[in-house]
Amino acid sequence: MKEMGKEKTASSLDNLIEKAGGCAVIDGGFATQLEKHGASINDPLWSALCLIRDPHLIKRVHLEYLEAGADILVTSSYQATLPGFLSRGLSIEEGESLLDKSVNLATEARDKFWDAIKQVPGHNYNRALVAASIGSYGAYLADGSEYSGNYGAAVDLEKLKDFHRRRLQVLVKAGADLLAFETIPNKLEAQACVQLLEEENVQIPSWICFSSVDGENAPSGESFKECLEIINMSNRVKAVGINCAPPHFIQGLICKFKQLTDKAIAVYPNSGEVWDGRDKKWLPSKCFGDDKFELFATRWRDAGAKLIGGCCRTTPSTIRAISKVLKRRL
Ligand SMILES: C[S+](C)CC[C@H](N)C(=O)O
Ligand SMILES: N[C@@H](CCS)C(=O)O
Ligand SMILES: [Zn+2]
């Protein structure tokens, strides 16, 4: 059987966590930082629009997160999908080439940064890994359903696997170090991801992260117990956790996940603001600044998280604060 990504070992993530002192740093809000630089992404493709319009900006944002201390870069492919690109009039080949580019831009940034920093005596950086973002089906729908898990009765397991399959193949072939399934809102999609990793014989490690809107369950209302029972059966998933949920849910969810899995736990919450899927804007809510992330990051590490970063509305300064406190970088 063809093995996807065979040359990268499943222990690359474990090695990085060890080198980082027991807890590695994931980067922060990617689309957020594109917007800080003036990118206009109010579009069904959201941040993936920059793959077409401004790839240089993508590389710049990756470099900013590396400089801030990220050990893992998450690629620009969250909302980059073949159906999404096709509906913009691109061909399949053009769409696949943009997916390939999302991995190449992150890899080039990582290599450029590492080649320079490794010459600096006493530097406190690790050679970063590139995690290819696989946003949920709800992200592609661009209707906010990555925070509801409500995909409707017509969406079954096979449809979700079909949706994810080709993008996953292209991202692995492009040379990503990891796969990052992000903002998964229900059990069915978690199951689709697990089955797909098996069917495609994917050899690089993956994480599967869920969103949460109540701090207890997946957005669909299904319990994390049910969701993790499925994920625990897969050796290909090396970490599981939460992304793009508010920071004040995280401590409790780490404790819950510790009871439910032996896998590494990844947490990269948003700022606490809430996404309005209809009007496509962030609504003010309990909002946490970088000082709070600094404080929380040690608590999350002490509670057992092995991968910590930020999601929407966090920036390189958030990651700098997290990295500083986790690695005692001055
Ligand atoms: C993580 S959400 C803020 C991404 C954007 C959403 N999928 C949309 O397109 O509306
Ligand atoms: N990796 C994506 C996740 C959005 S929820 C980003 O940071 O933009
Ligand atoms: Zn997010």
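Atoms within a ligand are numbered from 1 in the order they appear, just like the ligands themselves.
- Looking at ligand 1, you won't find any N or O of Trp282 less than 3.5 Å from one of its N or O atoms.
- Using modelled atom types and a 3.5 Å distance limit, the side chains of Tyr147 and Ser212 yield no donor-acceptor pair.
- Close approach of ligand 1 to Ala142 is summarised as follows: ligand atoms under 4.0 Å from at least one heavy atom of the residue are 8 (C), 9 (O), 10 (O).
- A donor-acceptor contact under 3.5 angstrom links the side chains of Tyr268 and Glu182, judged on distance only.
- Side chains of Glu199 and Asn201: a donor-acceptor N/O pair is absent below 3.5 angstrom, by distance only.
- Remark: ligand 1 atoms within the under-4.0 Å shell around heavy atoms of Ala139 are 7 (N).
- Protein heavy atom at the shortest distance from atom 2 (C) of ligand 2 is Glu182 OE1, 3.8 Å.
- Here the side chains of Arg127 and Lys19 are not in contact, with every heavy-atom distance at 4.5 Å or above.
- Residue Tyr65 does not touch ligand 2, judged by heavy-atom distances below 4.0 Å.
- Rounding to the nearest 10°, we obtain 130° for the angle at the Zn ion (ligand 3) between Cys312 SG and Cys311 SG.
- Counting heavy atoms of neighbouring residues, nucleotides and ligands inside a 6.0 Å radius, atom CD of Glu94 exceeds 12 of them.
- For Lys280, the NZ atom is densely surrounded, since the number of other residues' heavy atoms within 6.0 Å is greater than 12.
- Nearest non-hydrogen protein atom to atom 9 (O) of ligand 1 is Gln79 NE2, 2.7 Å.
- Residues Glu64 and His37 have side chains that bring a donor and an acceptor to within less than 3.5 angstrom of each other.
- Within the 4.0 Å heavy-atom criterion, the part of Tyr147 lying near ligand 1 is the side chain and not the backbone.
- At most 12 heavy atoms of other shown residues, nucleotides or ligands fall within 6.0 angstrom of atom CD1 in Ile92.
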Exercise for the section: Might you work through the ring-ring contact (aromatic ring centres under 6.0 Å, His included) test for Tyr78 and Trp46, ending with a clear yes or no? Expected result: CA-CA 9 Å; Tyr78 177 78; Trp46 201 48; 5.7 Å; yes
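- The part of Cys312 lying near ligand 2 is the side chain, judged by heavy-atom distances below 4.0 Å.
- Close placement of the Phe30 and His62 rings is indicated, their centers lying within 6.0 Å of each other.
- Here Tyr140 has no heavy atoms under 4.0 Å from ligand 1, in either its backbone or its side chain.
- Atoms of ligand 2 lying under 4.0 Å from any heavy atom of Cys244, numbered from 1 in the order shown and given with element: 5 (S).
- With a 4.0 Å heavy-atom cut-off, ligand 2 is reached by the side chain of Tyr78 but not by its N, CA, C or O.
- Within ligand 1, the atoms closer than 4.0 Å to a non-hydrogen atom of Lys280 are 8 (C), 9 (O), 10 (O), numbered from 1 in the order shown.
- Taking the centre of each ring, Phe224 and Phe257 come in below the 6.0 Å mark.
- The single protein non-hydrogen atom nearest to atom 8 (O) of ligand 2 is Ala31 N, 3.1 Å, given as residue, atom name and distance.
- The atoms of ligand 2 that sit less than 4.0 Å from any heavy atom of Gly29 are 7 (O).
- Under 4.0 Å from ligand 2, not a single heavy atom of Glu146 appears.
- Ligand-side atoms of ligand 2 in range of Thr183: 5 (S), range being under 4.0 angstrom from any heavy atom.
- The side-chain heavy atoms of Phe163 and Pro83, taken from C-beta on, include a pair separated by under 4.5 Å.
- Protein heavy atom at the shortest distance from atom 7 (O) of ligand 2 is Phe30 N, 2.8 Å.
- Within ligand 1, counting atoms from 1 as listed, the ones closer than 4.0 Å to a heavy atom of Glu146 are 1 (C), 2 (S), 4 (C), 6 (C), 7 (N).
- Among Glu229, Glu222, Glu226, the one residue that satisfies the side-chain hydrogen bond (donor to acceptor under 3.5 Å, both in side chains) test with Lys187 is Glu226.
- With a heavy-atom cut-off of 4.0 Å, Cys311 touches ligand 2 through its side chain alone.
- Considering backbone and side-chain N/O atoms, Trp46 never comes within less than 3.5 Å of an N/O atom of ligand 1.
- Ligand 2 lies nowhere less than 4.0 angstrom from a heavy atom belonging to Ser47.
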